[in-house]
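These notes are about the structure you will find just below.
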Amino acid sequence: MGLLDKEFSDGNIVIAKVDDLMNWARLSSIWQLGFGLACCAIEMMATSASHYDFDRFGVIPRNTPRQADAIIISGTVTLKMATRIKRLYEQMPDPKYIISMGSCANCGGPYWEHGYHVLKGIDRVIPVDVYVPGCPPRPEALLEGLLKLQEKIRNESLRKKIA
Amino acid sequence: MYQFLYNLIGNEILAGLLVAVVPLTIILVFALFGIWLERKVSAHMQDRLGPMRTGWHGWLQTVADLMKMLQKEDIIATDADKTLYNIAPVLVFSGSFAAYAVIPFSSKLLGSEVEIGIFYVLAISSLVVAGILMAGWSANNKYSLLGAMRAVAQIISYEIPTALIVLSMVMLTGTLSLDKISQMQTSSFWNWNIFGGAIFGLSKFLLIPFMFIGALIIFISTLAEVNRVPFDIPEAESELVAGYFTEYCGMKWGMFMLAEYGNMFAVSAIITILFFGGYQSPIGYFGNSISAQWLVPFEQGFWFIAKGLTLVFVQMWLRWTLPRLRVDQLMTVCWKYLIPYAFLNLIIIGIISLL
Amino acid sequence: MALKTETMVLNMGPQHPSTHGVLRLELEAEGELILSVKPHIGYLHRCFEKHAEAMTYPQVIPYTDRLDYLAAMGNNFGYVIAVEKLLGIQIPERVEYIRVIMAELQRIASHLVAIATNGADIGALTPFLYLFRDREYILSLFEMTCGARMLYNYMWIGGLSHDIHPDFVRKTKEFINHFRPTVVELNNLLTFNKIFIERTAGIGILPIDTAINFGATGPVLRGSGLAFDVRREDPYSIYNRFEFEIPTGKGLVGTVGDCWDRYYVRVLEMEQSVRIIEQAIDNIPEGDVHSAIPKRIKPPKGTVYARVENPRGELGYFIISDGNLNPFRVKVRAPSFVNLEVMGELCKGHLVADVIAILGSLDIVLGEIDR
Amino acid sequence: MKNPEEIFELLKNEFGEAILSLDKETPTEPIISINSLQIHKIGAFLRDSDEFKVDSLMVLSGVDDANGTKIKDEDGVDVINGGTLSVYYHLHSTSLKHKITLKVSTQREDPKVESVYNVWRTSDWHEREAFDMFGIIFLNHPDLRRILMPYDWEAGYPLRKDYKNPEFYQGMKVPY
């Protein structure tokens, strides 16, 4: 059982500090699942490469879903692939995050109308945390997406959500 | 160290536990530092920066990684053999941890002064093999299984040249104790075993080339034993996804990782002791010259760690430069080249030391 | 007595670090020995041909970019040549020159990725990053021309979307000066590395007649020793004005047609591309790149098959026009699609690790395999 | 190097009835139409004879000619009835450098074409693709399965002009 499975009902200063520490650890070490789908995968590789260097943010590709924290859906998701992506997502241990990279993964992109074999948006299959627009998004855009994800993680809490 | 603590506390178990804390701290600190170093070294070799956002040049990166791993869900596949699956990482980690018990970090800081230190290290590190095989088998994943089979074949094969070189060194020094081997190579780097040891005369000069060969062989074969490139085929990322620990997640995987880095330093330490003078300073001690004897063990610690880290750095350097061998080529290197040369080396060193 | 054992079916992909995307390989293995390999494709089938039928002729161009996303310029080039043939229009000299320069730059960029991933598959990660760094240089050249890094929509029917930037010529020359030493460095670091040679020489040998019968083209065919290059065979655009050699596999360190030959052909081809660029860059004539773009693109009834030499081989567009604003049928002859077919032949009797080396040396792009 | 007229004449002499016509009206490339059930024999001849040495199949493309009558079925969906599906073979010779384009047509309702798998192995996946996209049955093909679409795709052949996309596939919504 992960530590995060337990929710605390009342927030206090200790939990708030622990929250900060935990969140810091999670957001500083987002290991992405190393797999690419289409055009965007090349930009994702370029982002990991020397020029943009994903590693600065602690992001390294892990090839097995078991050791990954985030999955970057980099490209067009076809119907044939969607079932596999769902399985990969399910194989990842919690807490896990999804970045949907590029128009195709966001909404079908240029294939939205006549793409008889294209899934129009990965969010029909798995929940998405951050959408990065572009076709393909520039590496800077992907980095921005990552920063947004970090921001999102920073605001997570062990406390029970009030709603 | 144990004796000292025993005298101080007077309780065997407590003293034993306290002694065990020392190598544990060292292995953990080294793993934290080693993983960070690996990432920085690779990054700078590749024209990148590496981790930058966690502290100064990302020095807290591994801390963040470990804390994240602690938070991860622990998945055990339904079809996995749960007992073996859970034992495996512990076994692998304890195998590499136990090796630290006899490594003399300085003349005062060593866990246990066993007389058969080097023999113990060779024996205990075989636990790792069992752990790896368990990990690969129990995960019920074909990639894990392939990785485990490769790992076992590789580690067991490469133990032979390692053992042969160790044997020749034992023959030369006449002791199995790592501490004694270290003590022999005192006062100057000219007395290191790689330069023929602390003997004088013709045989020293005859020994030098064979010592270099021996050091090279043991470096290569230990590289293979700890699964580093170019011998990282058990976890070959591009072939087997992640090898025997494909199915492990969270801290269990973290233990494999700690064990791997622990092993890296352990084998470097063994090579240091056997060939590079152990904890002995190459240039004499500052503490002796200002007659502050208490300073000497600290200096020794410094030299030991510096030498070990240099070798670790060489391992990383190779890792980020070379491609990876294939499984049959790996075996060829071992059985056709390393073992015959190691044997030859053993015989020649034997003859020379009889002179 | 032989021990009776079962063979193991190993599923490689669609998510696997070295299947170059979403290819799935079904390996039947006996331990580490491969008995048969069955590729399963279609995980990236994006319905290009359906889209082409629903779009007008110029609208198809952005979709061609996304076929072979590592060589988008080449894809544009093939398509616009096909449509221009159908329309029967002449295009200005300046456009031709710029197109050739762009296509050759793209060839270098694409081969850099091919070499990089081939090396990375074998375990050499550092050359991978070095080559990606050099590729950025080319991408910045494209970016200053048309604003996009990867998918350009740059070549239009009858012209180009933008004229080149005033600095383009100077920057390209700078790039060439930077690039020549890089190839030497690459050769030292990877090409003639003993381990790399051990891993690739004599592995996955493709005999020349098998290669032709399977329809392999590009570096895969040339690696087997046949100097077949569409740029020479069936010169399109202005390729007949330039001097360049067609490198072929010579079996320098192994057998002709092995993985290393296919790899090395790419290295040599990059140098030839640099030669072509050098010849073209100083001779770009003045002119307007938009002058020949027709106002209304409505080709007459007919069919056309036009082919160009893309980095991965012969890229062909078979277009049937029924006289309307959209094509009636566009069929793409994707080089990787054809090249991948030999995979099953090549892998027999090799080890699991060799499958990776062979796949890397074929240099596939799933975007154009699945279309 | 031979021009299409010569090739057509030579083939006509060799195979007679199986060679149907030479279509020269298309502006860019003349196409030789042949009988769909004789293509294997003709392909083997083209490959092996010293005059042609056509050793390479560049591309094999299926085409829906959409020349039947458009009718509405009971659901009010346009379907095409009758007419033909065609397969184009673009061939060339690596040694003699000539190019040939062959075309075979087959009935839309019962599309059957001989496979040229044994002649040019290139055609293996191309024929599977044509089957996948148009439903053209290639006789004697050893492994005629879907290739690009999922193996369990049941909604028909996507590149036919009257193809209708399904609403759901394995619980995933397909249209936008």
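Keep in mind that what you see is a predicted model, and the values were worked out from it rather than measured. Below, chains carry the letters A, B, ... as their sequence lines are ordered, and counting in each starts from 1.
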Segment of D:Pro166 engaging chain A (4.5 angstrom heavy-atom cut-off):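 No part of D:Pro166 comes within 4.5 Å of chain A.
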For D:Pro175 against A:Lys120, the heavy-atom pair lying closest together: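 Answer, listing the atom of D:Pro175 first, then A:Lys120: C-CD, 4.1 Å.
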Which of A:Gly121, A:Gly108, A:Cys107 touches chain D most, by non-hydrogen pairs under 4.5 Å: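 Of the options given, most contacts go to A:Cys107.
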Pick one of side chain, backbone, both or neither for A:Leu79, based on which atoms fall under 4.5 Å of a heavy atom in chain D.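 Contact with chain D involves both backbone and side-chain atoms of A:Leu79.
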More than 12 heavy atoms of other residues, nucleotides or ligands under 6.0 Å from NZ of D:Lys173: yes or no?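 Yes, because the 6.0 Å sphere around NZ of D:Lys173 holds more than 12 heavy atoms from other groups.
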Do other residues, nucleotides or ligands put more than 12 heavy atoms under 6.0 Å from D:Lys12 NZ?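 Counting neighbours around NZ of D:Lys12, more than 12 heavy atoms of other residues, nucleotides or ligands fall under 6.0 Å, so yes.
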Heavy atoms, side chains only, cut-off 4.5 Å: are A:Thr83 and D:Gln170 in contact?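 Yes, their side chains come closer than 4.5 Å.
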Within the side chain of A:Arg124, is there an N or O that forms a donor-acceptor pair under 3.5 Å with the backbone of D:Met172?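 Flag not set: sc A:Arg124 to bb D:Met172 has no pair under 3.5 Å.
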Which pairs would a plain distance check flag for residues 146-153 of chain A, meaning a side-chain donor or acceptor within less than 3.5 Å of a matching protein atom at least two apart in sequence or in another chain?
residue	atom	partner	partner atom	Å
A:Gln150	NE2	A:Leu27	O	2.9
A:Lys152	NZ	A:Asp129	OD1	2.8

Would you compute the distance between atom OH of D:Tyr169 and atom OH of A:Tyr116 and round it to the nearest 0.5 angstrom?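 Separation between the atoms: 14.0 Å.
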Six-ring centre of D:Tyr151, A:Lys80 cation under 6.0 angstrom, axis tolerance 45°: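 So A:Lys80 does make the cation-pi contact.
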